[in-house]
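Note sheet for the following structure.
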Amino acid sequence: MPNWELVRQDFSELRQTMNGERLAYLDNAATSLKPKSVIERLLSFYQQENANVHRGTYQLSFKATEEYEDARKVIQHFINAAAAREIIFTRGTTEGINLIASTYGEQNIEPGDEIVISLAEHHSNLIPWQQLALRKKATLKYINLTSTGEIDLADAKQKITAKTKIVAVTHVGNVLGNVSPIRKLAELAHQNGAIIVVDGAQAVCHLPVDVQELAADFYAFSGHKMLGPTGIGVLYGKQKLLEQMPPYQFGGEMIEDVQLDNSKWDQIPHKFEAGTPNIAGAIGLATAVKYLEQVGMAQVKARDAELMAYLLPKLMAIPGVKIYGSQNPQQHVGVVSFNLGTLHPHDVATALDMEGVAVRAGHHCAEPLVHSLGTNSTVRASLAFYNYQADCDQLINAIKETKEFFKGELR
Ligand SMILES: Cc1ncc(COP(=O)(O)O)c(CN[C@@H](CS)C(=O)O)c1O
């Protein structure tokens, strides 16, 4: 088991104070912190190795190209993709899902077809499908959730039919933290001739991900949520699907031959990587993956569970705190959303910030889900393996102080 105190020392951002208090960073679902190794790798690339990739005819460019393509292989092995060419570098989860909707979706959705998503979706895995359905006069259907926020498989079996062309679901929810039964949903989709798109944004930094085991046709995630830099993400796609899809964007890098009246496209993955890619971002992301592999994803998963098992009962024990979703810590991977009586979540989050505790307040880009919980917004605490029990205690104490401060308003 890693020495978690030593792990924390890799994250310099944790060593600061905020409003005179030690920083308890509990907004990891929004973006994760970056270990020293990632920051140093970005610096060394720009100091010593920076050059454009794929086209240069000099050593510096060959080296940058080798590093960039090696990064692709690192990601391939991290999620157990069958081939490196199935790894497309994007800006993040949002771009990855939009890429599928704009290419595979435009190519394959016809009027009357059905697209099935769940009520737990983040806007990035909801609006692309909603707008595609509107453009194509197709039908968008939502799989209901159980009372504890899990995907209702019985409802999924009703909603996924022979009319379904695309199923798109989150692997881990960013509001309630439930893990979706991806393999079972993939089987339902495939039995009905549909594909499954998985939003992995909140999963890759908490769970071991094996896209072949999940039977995912596409799997999208963001580097910045898994210790990597912003502006880099990954779209995994099955080779046979990617090869049949038209390009997402047009320009340099993605061509084989350009004539005056038409052009031919490069092979995958470069067909989907128009223009100069985020070279440093990809190399930084690969460094983040190596860090996670050094800690161990099984150890990360266990640490997350240990911290949530410590935090949730203490949260639930505070009179006036309403927990959304399950009361079972094991159902909360990384995140817990709550409210404090009738106080506005923004007021609560501001008060917590005064105590050095960083959390998120709002609808978390999941408005349909949050509204289905009977509220417009929540406070959300989201953990990572580099947090520790003292962060949880600081949150609990800050909530109690917030209660005291607002006691005249608290009902
Ligand atoms: C499940 C899920 N799916 C997609 C996204 C979008 O990731 P991007 O890197 O912004 O493209 C996110 C990002 N959710 C952040 C910002 S809203 C949160 O605080 O919950 C997500 O949680």
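Note that ligands are numbered from 1 as they come in the structure, with each ligand's atoms numbered from 1 the same way.
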Side-chain atoms of residues 231-241: list all donor-acceptor pairs with protein atoms under 3.5 Å, sequence neighbours left out, distances to 0.1 Å.
unit_1, atom_1, unit_2, atom_2, d
K238, NZ, D217, OD1, 3.0
Q239, OE1, R85, NH1, 3.0
Q239, NE2, E243, OE2, 3.0

(message) With a 6.0 Å cut-off on the ring centroids, do Y386 and F11 count as close?
(response) yes
(message) Once you measure the plane-to-plane angle for H363 and H123, does it fall in the parallel (<30°), tilted (30-60°) or perpendicular (>60°) bin?
(response) tilted
(request) Show the protein residues that qualify under the rule heavy atom under 4.0 Å from an atom of ligand 1, listing them in chain and number order. (result) A29, A30, T93, T94, H122, S124, T170, N174, D199, A201, Q202, S222, H224, K225, R360, C365, R380
(request) Would you please name every residue forming a salt bridge (Lys or Arg N to Asp or Glu O under 4.0 Å) with E69, sequence neighbours left out? (result) R72
(request) State which residues pass side chain to side chain donor-acceptor pair (under 3.5 Å) with K141; sequence neighbours excluded, sorted by chain then number. (result) E114
(request) Would you indicate whether M297, at its atom CE, is surrounded by more than 12 heavy atoms from other residues, nucleotides or ligands within a distance under 6.0 Å? (result) yes
